[in-house]
Amino acid sequence: MSSMFSDYAIFAGNGNHPLAEEIAKIIGKPLGEASVKKFSDGEIAINIGESVRGKDCFIIQSTSDPVNDNLMELCIMIDAMKRASAGRINAVIPYYGYGRQDRTAKPRDPITAKLVADIIQIAGADRVITMDLHASQIQGFFNIPTDHLLGVPIFVEYFKNHKPDDLVVVSPDHGSVKRARDLAEPLGVPIAIIDKRRPRPNVSEIMNIIGEIDGKNCILVDDMVDTAGTICNAANALKERGAKSVKACATHGVLSGPARERIEASAIEEMLFLNTIPVPEEKMSSKYHFLSVAPVFAEAMRRVFHNESLSSLFKK
């Protein structure tokens with residue numbers, strides 16, 4: 001089916017410019033002209049340097065650290081394009097910041113993931129394309145089409161070519177059980193589950209391991225690694241309980257605070273991330289390995305422009 005728009009344009013903020021360039025290269029279209037700067041007092045100044053009238057516009061922006069700056073950049077770019085009569089504005093958000101604040105866990109907690117969804121919509125976005133939201137129900141926070149791409153198939157393809165014997169996929173907590181199963185089933189291997197509790201934010205305590213991991217090669221899988229406490233505690237617990245080796249994979253490498261030092265000192269032999277978030281040089285480790293999400297996002301954007309189905313991209 002042909003598109004209702006005569007042309008499309010791809011723009012990028014500062015949230016993940018290398019990924020935006022990679023996506024644009026795959027699509028075969030240069031990034032649009034946009035100046036994203038700051039005034040001396042910290043206010044964000046954006047200028048779109050080309051006509052977007054009637055075009056299907058894609059803005060690629062991960063709302064990672066600095067979260068608030070990147071979120072404001074995205075919203076201001078959306079507003080600029082809306083006022084310039086863009087045909088449709090697609091917010092391509094490889095990493096959706098504030099996604100962990102998706103419910104009222106205790107009295108008087110905000111639901112900030114919903115607030116951010118409202119802000120993006122009010123700014124003027126017509127569609128959102130994102131990957132591995134911390135909670136799938138965040139899709140329902142939007143009243144516009146929201147395409148939730150999956151990172152697990154990328155890991156499946158990688159481990160099909162790097163599959164050790166006696167493999168077990170391990171969920172580091174109950175919240176990642178479905179993700180672990182989605183990785184394990186195509187590989188034809190069993191899963192194990194780590195039962196943990198979290199006494200306070202960014203602190204986890206291993207309670208028990210459900211499943212057989214003694215003498216096995218283990219792969220931990222999660223949606224993100226922030227301070228790395230959960231993934232490192234899980235890896236160390238697996239090793240202490242007889243695992244032969246431990247690798248880990250996560251879609252989003254947030255890697256804040258002591259994450260690098262913890263991973264370096266842990267039993268994790270290899271830590272795989274997708275490149276939804278750019279990792280600065282000072283946070284890099286020899287244990288890290290990155291797989292690209294650019295082909296998946298490029299294909300999703302192509303299908304959106306041509307009004308084609310995206311359902312096959314959601315298959316595990």
Asks: Does I191 reach the side chain of V168, with side-chain heavy atoms less than 4.5 Å apart?
Replies: no
Asks: Nearest 0.5 angstrom please: C249 SG to D222 CG, how far?
Replies: 9.0 Å
Asks: Looking at D182 and R179, is there a salt bridge between them, counting it only when a charged N and a carboxylate O are closer than 4.0 Å?
Replies: no
Asks: Of all heavy-atom pairs between N217 and S245, which one has the smallest distance, and what is that distance?
Replies: OD1-OG, 2.6 Å
Asks: Assess the residue pair L272 and Y288 against the criterion (side chain to side chain contact (heavy atoms under 4.5 Å, CB included)); give the C-alpha distance rounded to whole Å, side-chain angles, the decisive distance to 0.1 Å, and a yes or no.
Replies: CA-CA 6 Å; L272 274 75; Y288 298 167; over 6 Å; no
Asks: Given side-chain hydrogen bond (donor to acceptor under 3.5 Å, both in side chains), test S35 with N47 step by step and report yes or no.
Replies: CA-CA 5 Å; S35 170; N47 178 260; over 6 Å; no
Asks: Using side chain to side chain contact (heavy atoms under 4.5 Å, CB included), reason through V254 and D65 one step at a time and then give a plain yes or no.
Replies: CA-CA 8 Å; V254 180; D65 185 33; over 6 Å; no
Asks: Say whether, by atom type as modelled, one donor and one acceptor occur between the side chain of K216 and the main chain of E212 under 3.5 angstrom.
Replies: no
Asks: Tell me the closest heavy-atom pair linking G253 and I277, and the distance in Å.
Replies: O-CG2, 3.8 Å
Asks: For R302, is there an ion pair with E308 - N to carboxylate O distance below 4.0 angstrom?
Replies: yes
Asks: If you take all heavy atoms of C57 and A86, which pair is closest and at what distance?
Replies: SG-CB, 3.9 Å
Asks: Are I48 and L31 grouped together when hydrophobic residues (ILVMFWY) are joined by side-chain heavy atoms under 4.5 angstrom apart?
Replies: no
Asks: Side chains of T63 and N70: is there a donor and an acceptor less than 3.5 Å apart?
Replies: no
Asks: Would D226 and R100 pass as an ion pair if we require N to O under 4.0 Å?
Replies: yes
Asks: Any Lys/Arg nitrogen of D147 or R127 sitting under 4.0 Å from an Asp/Glu carboxylate oxygen of the other?
Replies: yes
Asks: Tell me whether R260 contacts the main-chain N or O of M284 through its side chain, where contact means a donor paired with an acceptor under 3.5 Å.
Replies: yes
Asks: Quick check against the 3.5 Å criterion: does N236 have a side-chain atom that pairs as donor or acceptor with the backbone of S266?
Replies: no
Asks: Same hydrophobic cluster for I10 and I46, using side-chain heavy-atom links shorter than 4.5 Å among ILVMFWY?
Replies: no
Asks: Any ion pair linking E270 and K247 (charged N to carboxylate O, less than 4.0 Å)?
Replies: yes
Asks: Same hydrophobic cluster for Y95 and L150, using side-chain heavy-atom links shorter than 4.5 Å among ILVMFWY?
Replies: no
Asks: Quick one, S285 with E264, criterion side-chain hydrogen bond (donor to acceptor under 3.5 Å, both in side chains). Give me CA distance, side-chain angles, the key distance, then yes/no.
Replies: CA-CA 7 Å; S285 165; E264 285 282 355; 2.4 Å; yes
Asks: Less than 4.5 Å apart, any side-chain heavy atom of K38 and any of D69?
Replies: yes
Asks: Can you tell if the side chain of V36 reaches within under 4.5 Å of the side chain of I76, non-hydrogen atoms only?
Replies: no
Asks: Kindly indicate whether the side chain of F159, heavy atoms from C-beta on, has any atom under 4.5 Å from the side chain of L167.
Replies: no
Asks: Looking at every heavy atom in both A12 and H17, which two are closest together, and how far apart are they?
Replies: CB-CD2, 3.9 Å
Asks: Out of the candidates R88, K29, R53, only one should pair with D7 under the salt bridge (Lys or Arg N to Asp or Glu O under 4.0 Å) rule; please name it.
Replies: K29
Asks: Taking the side chain as C-beta and beyond, is there a heavy-atom pair between V92 and I59 under 4.5 Å?
Replies: no
Asks: Apply side-chain hydrogen bond (donor to acceptor under 3.5 Å, both in side chains) to residues D56 and N90 and explain how you reach the verdict.
Replies: CA-CA 8 Å; D56 200 4; N90 307 278; 2.8 Å; yes
Asks: Quick check: are there more than 12 heavy atoms from other residues, nucleotides or ligands sitting under 6.0 Å from CD of E281?
Replies: no
Asks: Go through it in stages, so that I can follow the logic: the residues are L149 and T130, the test is side chain to side chain contact (heavy atoms under 4.5 Å, CB included), and I'd like the CA-CA distance, side-chain angles, deciding distance and then a yes or no.
Replies: CA-CA 6 Å; L149 304 178; T130 188; over 6 Å; no
Asks: Testing the 3.5 Å rule here: is there a donor-acceptor pair between the side chains of H252 and D223?
Replies: no
Asks: Going by heavy atoms in the side chains, are E22 and S292 under 4.5 Å from each other?
Replies: yes
Asks: Can you establish whether the number of heavy atoms outside K25 located under 6.0 Å from its atom NZ is more than 12?
Replies: no
Asks: When rounded to the nearest 0.5 angstrom, what distance separates CZ in F290 from CG in L274?
Replies: 10.0 Å
Asks: For residues I93 and I144: do they belong to one hydrophobic cluster (side chain heavy atoms under 4.5 Å, members Ile, Leu, Val, Met, Phe, Trp, Tyr)?
Replies: yes
Asks: So do the side chains of I268 and M271 get within less than 4.5 Å of each other, counting heavy atoms only?
Replies: yes
Asks: Nearest 0.5 Å, please: how far is CD in Q139 from OH in Y96?
Replies: 11.5 Å
Asks: Could you give the distance from CD1 (I213) to CD1 (I193), rounded to the nearest 0.5 Å?
Replies: 13.5 Å
Asks: On a heavy-atom basis, which atom in M131 and which in I154 lie closest, and how many Å separate them?
Replies: CE-CD1, 4.4 Å
Asks: Using a 3.5 Å distance criterion without hydrogens, assess whether the side chain of N161 forms a donor-acceptor pair with backbone atoms of E157.
Replies: yes
Asks: How about T276 and T251: do any of their side-chain heavy atoms sit closer than 4.5 Å?
Replies: yes
Asks: Would F58 end up clustered with I26 when hydrophobic side chains under 4.5 Å apart are linked, directly or stepwise?
Replies: no
Asks: Enter the distance from D79:CG to M72:CE here, rounded to the nearest 0.5 Å.
Replies: 9.5 Å
Asks: Would H289 and Y158 satisfy ring pair (Phe, Tyr, Trp, His ring centres under 6.0 Å), going step by step from the backbone distance to the final call?
Replies: CA-CA 11 Å; H289 183 73; Y158 175 83; 5.5 Å; yes
Asks: Under the criterion side chain to side chain contact (heavy atoms under 4.5 Å, CB included), I'd like the reasoning laid out for L255 against V225: C-alpha separation, chi angles, the key distance, then a yes or no.
Replies: CA-CA 6 Å; L255 301 174; V225 173; 4.1 Å; yes
Asks: Is the closest basic N to carboxylate O distance between D102 and K114 below 4.0 Å?
Replies: no
Asks: Any sub-3.5 Å donor-acceptor pair from Q121's side-chain atoms to A117's backbone N or O?
Replies: yes
Asks: Calculate, to the nearest 0.5 Å, the distance between atoms CD1 and NE2 belonging to I129 and H148 respectively.
Replies: 12.5 Å
Asks: Give the minimum heavy-atom separation between G124 and I89, together with the two atoms involved.
Replies: O-CD1, 3.8 Å
Asks: Does the side chain of S64 come under 3.5 Å of the side chain of S62 through a donor N or O and an acceptor N or O?
Replies: no
Asks: For K287 and I263, indicate whether the former's side chain and the latter's backbone hold a donor-acceptor pair under 3.5 Å.
Replies: yes
Asks: Please step through salt bridge (Lys or Arg N to Asp or Glu O under 4.0 Å) for the pair D166 and K244, ending with a clear verdict.
Replies: CA-CA 9 Å; D166 299 320; K244 188 186 299 183; 3.8 Å; yes
Asks: Taking atom types as modelled, is there a side-chain donor on E73 or N14 under 3.5 Å from an acceptor on the other?
Replies: yes
